[in-house]
Every structure is written in structure tokens, then in C-alpha cells.
2 protein chains.
Amino acid sequence: MKKKVNAAILIIGNEILSGRTQDKNIAFISSWLNTKCGISVNEVKIIPDIEKIIIENVRLLSKKFNYLFTTGGIGPTHDDITAQSIAKAFKVKYEFHQEAYEILEKYYGKKNFSDGRKKMAKMPRGAKLIYNPSSAAPGFMTKNVLSLPGVPSILNSMIENCKKYLIKGLKIHSKTVSLYTVESNIAKNLGKIQKKYKKFVDIGSYPFFRLGKIGVAVVTRSTSLPKLKSVNKELMQLVKLKKIKILKI
Amino acid sequence: MKKKVNAAILIIGNEILSGRTQDKNIAFISSWLNTKCGISVNEVKIIPDIEKIIIENVRLLSKKFNYLFTTGGIGPTHDDITAQSIAKAFKVKYEFHQEAYEILEKYYGKKNFSDGRKKMAKMPRGAKLIYNPSSAAPGFMTKNVLSLPGVPSILNSMIENCKKYLIKGLKIHSKTVSLYTVESNIAKNLGKIQKKYKKFVDIGSYPFFRLGKIGVAVVTRSTSLPKLKSVNKELMQLVKLKKIKILKI
């Protein structure tokens with residue numbers, strides 16, 4: 001029987017922490033895990049390119065969750081230290097991965113296969129490759145840790161190649177109802193419904209502004225489709241009772 | 001004498017974790033702290049709306065860093081549990097804040113001041129208000145923890161009102177040089193420069209794709225302007241040596 005499977009994401013990179021670069025990987029990975037694999041992301045952390053901190057977090061998060069995804073720090077420069085840090089975290093050797101070396105050598109050509117580029121073939125011993133259809137340099141999986149690059153377009157092209165390494169969890173069903181109302185108008189009743197279905201359904205309410213109008217998106221999520229339907233039935237009764245206009249179901 | 005001041009950001013919200021909503025607050029808060037206050041963000045965490053987890057993280061991060069910023073969970077609905085969780089984290093009462101109550105009562109009018117809206121005036125005892133020019137409901141500071149709402153437009157309108165509560169750190173100078181080259185072409189030399197200036201300057205290199213051309217943005221950051229200039233002088237020598245075209249300095 002399928003069960004709940006969870007994951008954490010570890011974003012490694014000073015450029016995200018400093019606010020210089022807007023992260024786009026968290027929402028992408030999390031949505032993909034949710035919808036394609038039934039895996040829910042329960043924690044995200046953004047940390048600097050500092051070996052000690054990477055090691056600490058890889059150990060902690062890989063123990064705490066079924067999977068850990070890391071992004072960033074697997075390029076050719078001095079600040080790319082994810083691979084060696086993961087090797088140290090798991091106390092395995094950091095060495096050339098034969099197949100990765102061959103892929104990169106073929107991609108760049110023997111003549112242009114510089115030391116920086118060779119560095120991208122060094123991985124924790126025993127790592128399994130995550131193929132990269134857009135720029136060759138593979139990601140890799142060490143124990144339950146999947147390491148992807150930080151550049152969103154490259155990461156996006158690789159994500160499907162993670163699938164074969166993942167055990168799928170229960171599908172998480174989700175329904176969003178967008179209402180023309182304010183949160184405080186439905187807060188009390190929504191709280192009651194949440195209490196009733198506490199164990200089975202998560203209800204979130206998120207204010208929005210669209211075309212000058214104020215509204216609330218009510219998002220319900222559950223691994224049980226019947227329970228999700230029951231909650232949404234009660235929500236519709238509330239909408240009727242309060243005479244709230246619906247923007248979108 | 002000014003010294004280094006740091007902060008962490010705690011994003012509270014299932015909608016960010018699930019990937020349904022793209023976070024925009026991390027980059028905004030971090031850039032603002034960096035440029036306006038000389039405060040560097042050293043850790044970011046995204047966690048679900050679960051009381052136990054919020055308490056745990058507020059305790060941990062408020063101890064570990066000079067300031068902790070939280071976003072999300074201060075609205076009127078059942079899933080807004082940031083204020084009571086922070087009260088529990090610091091073992092203080094969760095109660096109506098007199099001034100916040102008055103602000104909200106005035107804003108909504110006595111007749112429309114419902115229970116949900118009143119909830120937004122409940123805070124940890126001793127909290128200091130962070131005024132909200134766009135939608136009235138104030139944020140608040142408890143010890144060294146500053147709590148802001150999750151909606152980016154509202155958060156943005158409030159950020160300047162955090163300033164008076166913050167001790168400013170050393171200004172962090174930063175310079176970005178965008179080059180038409182690939183990372184592996186400069187990796188080795190850049191590594192040498194970084195090693196030489198290890199204690200004073202952080203050098204990051206970030207690949208980019210612009211108008212079909214591949215490039216690398218080299219970002220240098222330091223609290224010492226002279227050291228930053230020295231590093232950039234060496235970087236320019238490297239650019240000359242390798243005959244690299246400059247896109248932007």
C-alpha cells in the first residue's frame with residue numbers, strides 16, 4: 001500500500017540568500033513532487049556556500065525526510081562545493097565518476113576538457129547519475145539526496161530524470177475555490193470546517209487582489225478524494241449562506 | 001564601532017511549501033536588509049502552518065541570529081497561528097494589544113469589527129507594533145523577532161517601519177561584472193583570487209543566458225571597500241589576460 005512520502009529542499013547559494021537572485025526552483029520542484037510523485041515537501045532551507053553548514057544540513061535533513069533535494073553548487077568554480085560537502089557528510093570518497101567523466105569529455109571534446117570542467121565529474125563515491133539533457137553535466141543521487149544545479153532552465157530539463165529514483169507516495173488531491181469576499185467574513189466558519197476534518201484535509205485561505213477586486217482563494221488538500229469532496233460541499237453551503245460571489249472553482 | 005549584524009527569515013505557509021504560490025518575500029526582505037541596514041541574511045527556512053514547528057523554529061533561529069523575520073500567518077483565519085505560536089515560544093501571554101485593537105476598530109468601524117478581525121489585534125504580550133499603511137493590521141516585534149504578513153504588496157509597504165527597531169550593521173559593498181565567457185574558463189583563476197582574499201571578500205560566479213549568449217556574472221561582496229576594489233582590479237587583469245568581452249560592469 002502506498003503511504004505518505006515527504007521531502008525537503010536545500011537551496012545552496014549566497015546569491016539567493018542575499019536577495020540578488022529570485023529563487024524559482026522551490027515552487028517548481030515542490031509542485032512537480034506534489035503532482036507527479038505524490039511527495040509533499042515539508043521543509044525548505046536556504047543556506048550559504050559554506051562547507052560546514054552544507055554538511056550539517058545534509059546530515060540533518062536526509063535523516064529527517066524521505067528525500068532531500070539540493071540545488072546549486074555543482075558547477076566548475078571555487079564556490080561550487082556541494083559534491084565534496086555531501087561526500088564529507090556521508091563520509092564517502094569524493095572522486096571521479098567514470099560515466100560522468102565520459103559524458104563530459106565527449107560533450108566538451110578531449111582538447112577543451114579543462115580542470116574546471118573535469119571538476120563537474122567528481123562526485124561522492126557510489127553516486128547515481130541524474131542525466132542532464134540541456135548542458136550535459138549530470139546531477140547525482142547520494143543515498144536519499146538528489147543534487148541538481150541552480151540554474152532553473154537546466155534544473156527543469158533534468159527533473160523528469162529524478163523520477164526513477166523516487167518511491168511514489170499517495171496522490172495529494174487539491175481544489176481551489178476563489179471567492180469575492182474578505183478573509184474575516186469566512187474565518188469563523190472555515191475554522192469550524194477545518195476542525196471537523198482536521199485529520200484528513202488541510203484548508204488554507206489566501207487573500208488576493210485581482211483587477212482591483214479583493215478576494216480569497218480557499219485551497220483544500222487531502223490524500224482522500226471523498227473527504228476533500230465533503231469539505232468542498234460544506235464550503236459551498238457556506239458560500240450560499242453568506243451570498244458570496246464565486247470567481248473561479 | 002559598527003559590526004556585522006545578521007538575520008534569518010522564517011516563511012510560514014503551506015501555500016509556499018506546496019509550490020502553489022511563488023515566494024517573493026525572501027529576495028525583497030534580504031535585499032532591503034542588505035542595502036538599507038547593512039544586515040546580511042544567513043539562513044532562510046520555509047515551514048508549514050503547524051504550531052509545534054513554528055515554536056521550535058522561532059526559538060532556534062531567534063537565538064542563532066541577531067534578528068528573525070517571519071512572514072505569513074498573521075491574518076484572521078484558522079490557519080493564521082503565527083502570533084500565538086510566538087507567544088508560546090517565548091512563554092508570554094497571547095492577548096489583545098491595546099493600540100492594535102484601536103487601530104483596527106477605527107479602520108473597520110465598530111459595527112464591522114468582527115471576531116476574525118479582532119483576532120488580528122491579539123499578539124504576544126510586550127509586542128511592539130510595525131505599522132501597516134496599506135491594510136491597517138499591524139505587524140509586531142517580539143524580542144528580536146519581527147512578524148510581517150505574507151502578502152507581498154502589504155509586506156513591502158510595511159518594511160520601512162521595521163527600520164527603527166533594527167541596529168544597523170556594517171554596510172556590505174557589492175560589485176557585479178558580467179562577462180561573455182563560460183565558468184570553466186575562469187574557474188581556476190577566480191579560485192586563486194578567492195583564496196587570497198578569503199577573509200575579506202566573497203566571490204560568487206553565476207552563469208546566465210541572455211539574448212542567446214552565454215555569460216557569467218561575477219559578484220564580489222565585502223564590508224571593506226578597498227579590498228573589494230583590489231579584488232576587482234585582479235578580476236580585470238584576468239579579463240584582459242583571457243581576452244574576455246565585458247557585457248556590463
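All values below come from the heavy atoms of this structure, side chains included, with hydrogens, waters and symmetry mates left out. Each chain gets a letter, A, B and so on, in the order its sequence line appears, and its residues count up from 1.
B/Glu15 touches chain A through backbone and side chain together, each having a heavy atom under 4.5 Å away. Within the 4.5 angstrom heavy-atom criterion, atoms from both the backbone and the side chain of B/Lys45 approach chain A. With a threshold of 4.5 angstrom between heavy atoms, B/Ser174 does not approach chain A through any atom at all. Only the side chain of B/Asp80 comes within less than 4.5 Å of a heavy atom of chain A; its backbone N, CA, C and O stay farther away. Heavy atoms closer than 4.5 Å to chain B are found in both the backbone and the side chain of A/Val41.
The two residues A/Gly19 and B/Ser31 have their closest heavy-atom pair at O-OG, 3.3 Å. Heavy-atom minimum distance, B/Gln22 versus A/Gln22: NE2-NE2, 2.9 Å.
Of the possible donor and acceptor atoms, none in the side chain of A/Glu183 sits under 3.5 Å from a partner among the backbone N and O of B/Gly116. Not one N or O on the side chain of A/Ser184 forms a donor-acceptor pair closer than 3.5 Å with the backbone of B/Pro76.
Between the side chains of B/Ser205 and A/Thr77, at least one donor-acceptor pair of N or O atoms lies under 3.5 Å.
Looking at heavy atoms from C-beta onward, A/Ile26 lies in side-chain contact with B/Ile46 at the 4.5 angstrom threshold. Between A/Leu17 and B/Val44 the shortest side-chain heavy-atom distance falls below 4.5 Å. For the pair B/Pro207/A/Val151, a side-chain contact is recorded, criterion being any heavy-atom separation below 4.5 Å from C-beta on.
Residue A/Lys106 places its NZ atom among 12 or fewer non-hydrogen atoms of other residues, nucleotides or ligands, all under 6.0 Å distant.
For the options B/Gln194, B/Lys188, B/Lys119, B/Lys24, heavy-atom pairs under 4.5 Å to chain A are most numerous at B/Gln194. The most heavy-atom pairs under 4.5 Å with chain B, out of A/Ile47, A/Asp115, A/Asn42, A/Val182, come from A/Asn42. For the options A/Ile16, A/Thr176, A/Ile203, heavy-atom pairs under 4.5 Å to chain B are most numerous at A/Ile203. Annotation: maximal heavy-atom pairing with chain A below 4.5 Å, among B/Gly150, B/Ser18, B/Ser153, B/Ala187, occurs at B/Ser18.
Counting only residues at least two apart or on different chains, the side chain to side chain donor-acceptor pair (under 3.5 Å) pairs with a member in residues 66-75 of chain A are A/Thr70-A/Ser147.
Taken to the nearest 0.5 Å, the CG atom of B/Asn14 stands 10.0 Å off from the OG atom of A/Ser40. Between B/Asp202 atom CG and A/Asp79 atom CG the span is 9.5 Å, to the nearest 0.5 Å. Note: B/His78 NE2 to A/Ile186 CD1 = 9.5 Å, rounded to the nearest 0.5 Å.
Contacts of residues 53-60 of chain B with chain A at a heavy-atom distance below 4.5 Å are absent; not one residue qualifies.
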